[in-house]
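Side-chain atoms are counted along with the backbone in the values below, which use heavy atoms only and exclude waters and symmetry mates.
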Amino acid sequence: MSRTEEQDGAPATGSLAHRVPDLGGLELLLAVARLGSLGGAARELGITQPAASSRIRSMERQLGVALVDRSPRGSRLTDAGALVTDWARRIVEAAEAFDVGAQALRDRRDSRLRVAASMTIAEYLLPGWLLALRAQRPDTAVSLHAGNSTVVAERLLSDEADVGFVEGLTVPTGLDSVVIAHDRLIVVTAPAHPWARRRRSLAAEELASTPLILREKGSGTRQVLDAALGGLARPLIELSSTTAVKAAAVSGAGPAVLSELAVGEELAMRRLVRVPVEGVALARDLRAVWPTGHRPTGPARDLLSLTRG
């Protein structure tokens with residue numbers, strides 16, 4: 001039986017992927033045509049000669065024709081092999097163009113990173129993470145939009161951010177998340193405030209009924225505090241950033257509830273005093289978030305790895 005007869009009868013049905021050889025096989029066939037040697041083609045592509053022979057035989061079975069005649073003097077394309085090689089060259093050239101285009105897309109993606117973060121994370125954690133990212137990706141331009149957890153979700157869902165960070169109790173609808181850190185809210189006040197001289201812990205009921213310096217509605221801090229206390233008194237002052245709340249508390253305007261991350265220096269310098277509270281847990285998770293089903297890639301993925309490190 002001739003080699004052509006031996007290969008006759010290859011299936012002509014099924015998906016294109018089952019009928020057309022893969023790029024690796026086509027590149028091997030082009031190398032055999034150029035070098036006149038299966039062994040030389042194998043060395044050029046970094047595979048063993050038995051693996052190259054197996055790949056050629058697999059293509060021949062797939063196509064139903066003999067492609068290469070082997071002899072002690074080398075390897076020669078059959079007439080059918082020469083024709084298939086011409087077609088293979090065009091496919092490989094198209095694949096190379098595809099690869100160049102895909103790389104351009106990756107380069108464009110990697111050239112920027114848009115981050116949206118709620119205020120505490122933006123002010124006290126992200127600067128360190130972004131410095132570490134810059135060491136890994138010095139050519140990536142990073143933009144940071146700070147806002148409350150509601151704003152972070154809106155920017156992600158409208159494709160105005162690549163990755164976000166929130167502090168609330170729940171994950172906004174339409175987003176996937178992973179916990180990256182833990183935080184605790186504490187009650188603080190200026191040293192001159194009566195609460196700073198208390199000998200007993202503050203009861204949760206008294207905290208809930210006292211007008212406080214608070215973040216705006218929609219912030220993660222406000223959500224956690226409201227849920228923990230079952231409601232809050234009308235705010236003494238309502239401000240849109242952690243820094244502003246802290247400054248108001250330092251000035252003596254009244255007590256505030258802030259992240260431990262935000263007040264370490266003020267507590268150490270006695271510009272603020274921590275007020276113990278009993279009967280309420282104010283712990284919270286800090287989360288990275290992204291649109292459901294679209295896990296971060298490129299710089300966003302690298303930033304996520306740094307936060308969890």
Side-chain angles (χ1 to χ4, degrees), residues 1-113 132-133 135-140 162 178 290 293-306 308-309:
M1 180 183 294
S2 71
R3 282 185 54 78
T4 301
E5 291 171 340
E6 180 183 337
Q7 302 300 331
D8 196 25
T13 59
S15 70
L16 193 62
H18 289 97
R19 303 198 308 273
V20 177
D22 61 30
L23 281 173
L26 298 179
E27 287 181 312
L28 175 62
L29 189 63
L30 290 173
V32 171
R34 185 174 65 256
L35 299 173
S37 165
L38 187 61
R43 287 191 296 274
E44 182 175 274
L45 297 179
I47 60 176
T48 65
Q49 185 162 339
S53 295
S54 176
R55 186 168 290 182
I56 292 293
R57 286 195 298 271
S58 177
M59 282 196 297
E60 289 175 333
R61 287 193 299 271
Q62 186 177 23
L63 295 174
V65 295
L67 300 174
V68 178
D69 279 334
R70 305 161 185 81
S71 72
R73 296 188 300 276
S75 299
R76 182 183 64 83
L77 297 181
T78 64
D79 291 343
L83 186 58
V84 170
T85 298
D86 286 338
W87 298 336
R89 187 172 292 108
R90 281 176 273 174
I91 294 172
V92 171
E93 288 172 352
E96 289 171 345
F98 180 95
D99 182 52
V100 169
Q103 184 59 52
L105 288 176
R106 289 191 293 271
D107 290 343
R108 186 172 69 179
R109 177 204 65 190
D110 294 352
S111 68
R112 68 171 188 177
L113 173 61
L133 181 68
Q136 291 185 6
R137 289 181 172 270
D139 296 328
T140 298
D162 302 306
V178 64
W290 57 87
H294 298 278
R295 192 169 181 85
T297 59
R301 178 197 59 220
D302 293 347
L303 177 61
L304 183 58
S305 296
L306 288 169
R308 302 182 72 184

inquiry  = On a heavy-atom basis, which atom in Ser37 and which in Gly40 lie closest, and how many Å separate them?
reply    = OG-N, 2.9 Å
Any Gln136 side-chain heavy atom under 4.5 Å of Leu306 side chain = yes
With Arg295 via side-chain contact (heavy atoms from CB on, under 4.5 Å) - residues at least two apart = Trp290, Leu304, Arg308
inquiry  = Suppose we screen for side-chain contact (heavy atoms from CB on, under 4.5 Å). Which residues come up paired with Glu44, at least two apart in sequence or across chains?
reply    = Ala31, Arg34, Leu35
Name every donor-acceptor pair, under 3.5 Å, that has one atom in a side chain of residues 21-30 and the other anywhere in the protein, sequence neighbours excluded.
{"unit_1": "Asp22", "atom_1": "OD1", "unit_2": "Gly24", "atom_2": "N", "d": "3.2"}
{"unit_1": "Asp22", "atom_1": "OD1", "unit_2": "Gly25", "atom_2": "N", "d": "2.8"}

query = At what distance, to the nearest 0.5 angstrom, does OG1 of Thr297 lie from CG of Asp162?
reply = 8.0 Å
message = I'd like to check the side-chain contact (heavy atoms from CB on, under 4.5 Å) partners of Ser75; sequence neighbours left out, ordered by chain and number.
response = Val32, Leu38, Val68, Arg70
key: Nearest heavy-atom neighbours spanning Gln62 and Arg19   = NE2-C, 3.7 Å
query = Which residues satisfy the side-chain contact (heavy atoms from CB on, under 4.5 Å) test with Thr48, sequence neighbours excluded?
reply = Pro50, Ala51
task = Report, as yes or no, whether the 6.0 Å neighbourhood of atom CG on Asp79 holds more than 12 heavy atoms from other residues, nucleotides or ligands.
result = no
Side-chain donor-acceptor pairs of residues 90-98 under 3.5 Å, sequence neighbours excluded:
none

ask   = Does Ser54 offer a backbone N or O that forms a donor-acceptor pair with the side chain of Ser58 under 3.5 Å?
value = no
task = Please examine the side chains of Thr140 and Asp302, heavy atoms only from C-beta on, and report whether any two atoms are closer than 4.5 Å.
result = no
Straight-line distance of Leu67 CG to Thr78 OG1, nearest 0.5 Å = 5.5 Å
